[in-house]
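Values below: every heavy atom of this structure, side chains too, minus hydrogens, waters and symmetry copies. Every value quoted in this text rests on a predicted model; they were computed, and no experiment measured them.
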Amino acid sequence: MDQKLRVGVLGATGMVGQRFLSILENHPWYEVVTVAASPRSAGKTYEEAVGGRWKMTTPMPESVKKLVVKNVNEVEAVSADVDFVFSAVDMTKEEIRAIEEVYAKAETPVVSNNSAHRWTPDVPMVVPEINPEHFAVIPYQKKRLGTTRGFIAVKPNCSIQSYAPVLTAWKEFEPYEVVATTYQAISGAGKTFQDWPEMEGNIIPYIGGEEEKSEQEPLRLWGRIEDGVIVKASEPMITCQCIRVPVLNGHTAAVFVKFRKKPTKEQLIEKLRAFRGLPQELALPSAPKQFIRYMEEDNRPQVALDVDYEGGMGISVGRLREDTIYDYKFVGLSHNTLRGAAGGAVLCAELLTAQGYIQKK
């Protein structure tokens, strides 16, 4: 790319916003020129606004420390200097839906980490290796919004990344019933052990709204475009439990699957290792070379050893074996704030850029 696109990050002071800034440091295509947050942070330098709340293990990028934080509600001022924005704002769903639409109507494409627009019928919710064809709904959305370049695209919930790609790789065997239990890291709640000490040595068997997302969002990924909207798939039926565990980063899933066409274990492993998508074909900057790896060891994948596979953008699968009630069961692991959140959104933006949906103003 001859000239980097100018990027803004909405909700830049929060944990996912910080992750965006860390990922985008030295990005070959994008340069962060604007950071925006709540009115209480506006007017301060980014370094002052964050203060002691920097939650990444890597240092704050020097390039953003002295940027003056803008008020996220002042859409024209934020949009003036950027080609597009990433959204990680911390508001109610209604407020997020409204403000992201205002940015889109201001002709600023929005690539969102938030859940507010995941079920808006003409907003694509995409894992680039799974359903890049859903970006084709964007022209219908632009027509509704009355825009020429502004639109909203979102990525799905972090909890599904450790099993939805696996089921996608096995699509030809027709999985039709799935039971999944996810063991989710505390960073999924925007926390570290420093600010959530009661999670040390603890498990909480409830994460608000997470089970419905984990059951329904994969069906939207596997859906189709009809009459300018995305219609979700009807199968496989998924039932899920979501549990918060004392891990900083990394969502693990224990999954049971029934298939209509009965594959062998060897066929299933072969499909995982061979699975590639458009990001791999296009060699996008954030794309893992090997999206899904299968691990033969009985005690893998492990969060401590495997969460950073492919820079946190790959998925690790292990313990695939036949089941006494279901056909097969397996364990999957994904990095929830990289592949599952900011990294997944950056990969979406890269594909949108490669396909011409995001361009310089």
Side-chain angles (χ1 to χ4, degrees), residues 126-134 156-183 211 213-224 231-242 250-281 287-302 305-306 309-310 313-335 339-340 344:
V126 171
V127 173
E129 287 90 349
I130 293 178
N131 61 325
E133 69 278 4
H134 283 192
N157 197 45
C158 54
S159 65
I160 72 173
Q161 311 284 337
S162 52
Y163 60 91
V166 176
L167 298 172
T168 305
W170 294 341
K171 193 174 182 180
E172 70 183 74
F173 302 118
E174 298 181 16
Y176 69 92
E177 191 174 302
V178 176
V179 176
T181 301
T182 58
Y183 304 89
E211 287 163 2
K213 294 174 188 175
S214 301
E215 293 169 354
Q216 294 298 314
E217 288 187 16
L219 298 175
R220 193 167 198 256
L221 293 180
W222 299 318
R224 65 195 183 280
V231 179
K232 74 173 185 177
S234 57
E235 283 188 339
M237 296 287 288
I238 303 172
T239 183
C240 196
Q241 291 198 97
C242 298
H251 287 358
T252 300
V255 186
F256 299 77
V257 191
K258 284 183 181 177
F259 296 97
R260 286 205 173 83
K261 297 178 179 177
K262 305 303 183 188
T264 65
K265 178 179 177 180
E266 290 69 29
Q267 286 175 313
L268 292 173
I269 293 173
E270 179 189 352
K271 291 296 178 186
L272 295 179
R273 289 176 170 159
F275 187 68
R276 289 167 56 83
L278 211 47
Q280 286 71 40
E281 292 172 24
K289 288 184 173 59
Q290 179 72 33
F291 181 31
I292 306 173
R293 67 166 169 180
Y294 183 74
M295 310 190 75
E296 302 281 357
E297 301 93 331
D298 287 337
N299 64 346
R300 304 284 284 277
Q302 292 181 29
L305 301 176
D306 303 313
Y309 167 63
E310 287 277 16
M313 291 297 288
I315 292 157
S316 299
V317 178
R319 300 216 66 214
L320 176 65
R321 58 219 191 274
E322 289 190 41
D323 186 57
T324 54
I325 297 172
Y326 282 69
D327 292 323
Y328 284 93
K329 52 192 170 187
F330 70 91
V331 173
L333 170 66
S334 61
H335 196 304
R339 167 56 74 165

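The minimum heavy-atom distance linking Glu217 with Asn157 is given by the pair OE1-N, 2.7 Å. Counting all heavy atoms, side chain and backbone alike, Ala254 lies closest to Tyr183 at CB-CE1, 4.1 Å. Closest heavy-atom contact between Ile292 and Pro165: CD1-O, 3.8 Å. Gly318 approaches Tyr294 most closely through the heavy-atom pair CA-CE1, 3.7 Å. Of all heavy-atom pairs spanning Pro236 and Leu219, the tightest one is O-CD2, 3.3 Å. Asp323 and Lys329 make their closest contact through OD1-NZ, 3.0 Å (heavy atoms, listed as atom of the first residue, atom of the second, distance).
Remark: side-chain polar atoms of Tyr328 are paired, donor with acceptor, to backbone N or O of Pro263 under 3.5 angstrom. Glu215 contributes a side-chain N or O that, together with a main-chain N or O of Cys240, makes up a donor-acceptor pair within less than 3.5 Å. Not one N or O on the side chain of Tyr176 forms a donor-acceptor pair closer than 3.5 Å with the backbone of Glu235. The backbone N or O of Gln216 lies less than 3.5 Å from no partner atom in the side chain of Lys232, so there is not a single donor-acceptor pair. Of the possible polar contacts, none joining the Gln161 side chain to the Cys158 backbone as a donor-acceptor pair under 3.5 Å is found. Between the side chain of Asp327 and the backbone N or O of Phe259, at least one donor-acceptor pair lies under 3.5 Å. Within the 3.5 Å criterion, the main-chain N or O of Thr168 finds no donor-acceptor partner in the side chain of Trp222. In this structure, the side chain of Glu310 does not engage the main chain of Ile315 through any donor-acceptor pair within 3.5 Å.
One finds a salt bridge joining Arg273 and Glu296 here, because a Lys/Arg side-chain nitrogen approaches an Asp/Glu carboxylate oxygen to under 4.0 Å. The pair Arg339-Glu129 meets the salt-bridge criterion, since a charged nitrogen lies less than 4.0 angstrom from a carboxylate oxygen.
Stacking of Lys258 on the aromatic ring of Tyr326 is recorded, both the 6.0 Å distance cut-off and the 45° axial limit being met.
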Item to check | Criterion side chain to side chain contact (heavy atoms under 4.5 Å, CB included) on Val317 and Tyr163, from CA distance to verdict | outcome: CA-CA 9 Å; Val317 178; Tyr163 60 91; over 6 Å; no
Item to check | Full working for side chain to side chain contact (heavy atoms under 4.5 Å, CB included) between Leu278 and Glu281 | outcome: CA-CA 5 Å; Leu278 211 47; Glu281 292 172 24; 3.7 Å; yes
Next on the checklist: Let's go through His335 and Met313 carefully: what are the C-alpha distance in whole Å and the side-chain angles of both, what is the deciding distance for side chain to side chain contact (heavy atoms under 4.5 Å, CB included) to 0.1 Å, and is it a yes or a no?
Outcome noted: CA-CA 7 Å; His335 196 304; Met313 291 297 288; over 6 Å; no
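Between the CZ atom of Phe173 and the NZ atom of Lys271 there is a distance of 5.5 Å, given to the nearest 0.5 Å. Atom CZ in Arg300 sits 3.5 Å away from atom CE in Met295 (nearest 0.5 Å). Atom CZ of Phe275 is separated from atom CD1 of Ile130 by 6.0 Å, given to the nearest 0.5 angstrom. Of the inter-residue distances, the one linking Arg321 atom CZ with Leu268 atom CG reads 13.5 Å to the nearest 0.5 angstrom.
For the residue pair Ser159 / Thr182, no side-chain donor-acceptor distance below 3.5 Å is found, with atom types taken as modelled.
Here the options are Leu221, Leu167, Val127, the test is side chain to side chain contact (heavy atoms under 4.5 Å, CB included), and the partner is Ile160; only Leu221 passes.
By the 6.0 Å contact criterion, CG on Asn299 is enclosed, its count of non-hydrogen atoms from other residues, nucleotides or ligands being greater than 12. In this structure, Lys262 places its NZ atom where more than 12 heavy-atom neighbours from other residues, nucleotides or ligands lie under 6.0 Å away.
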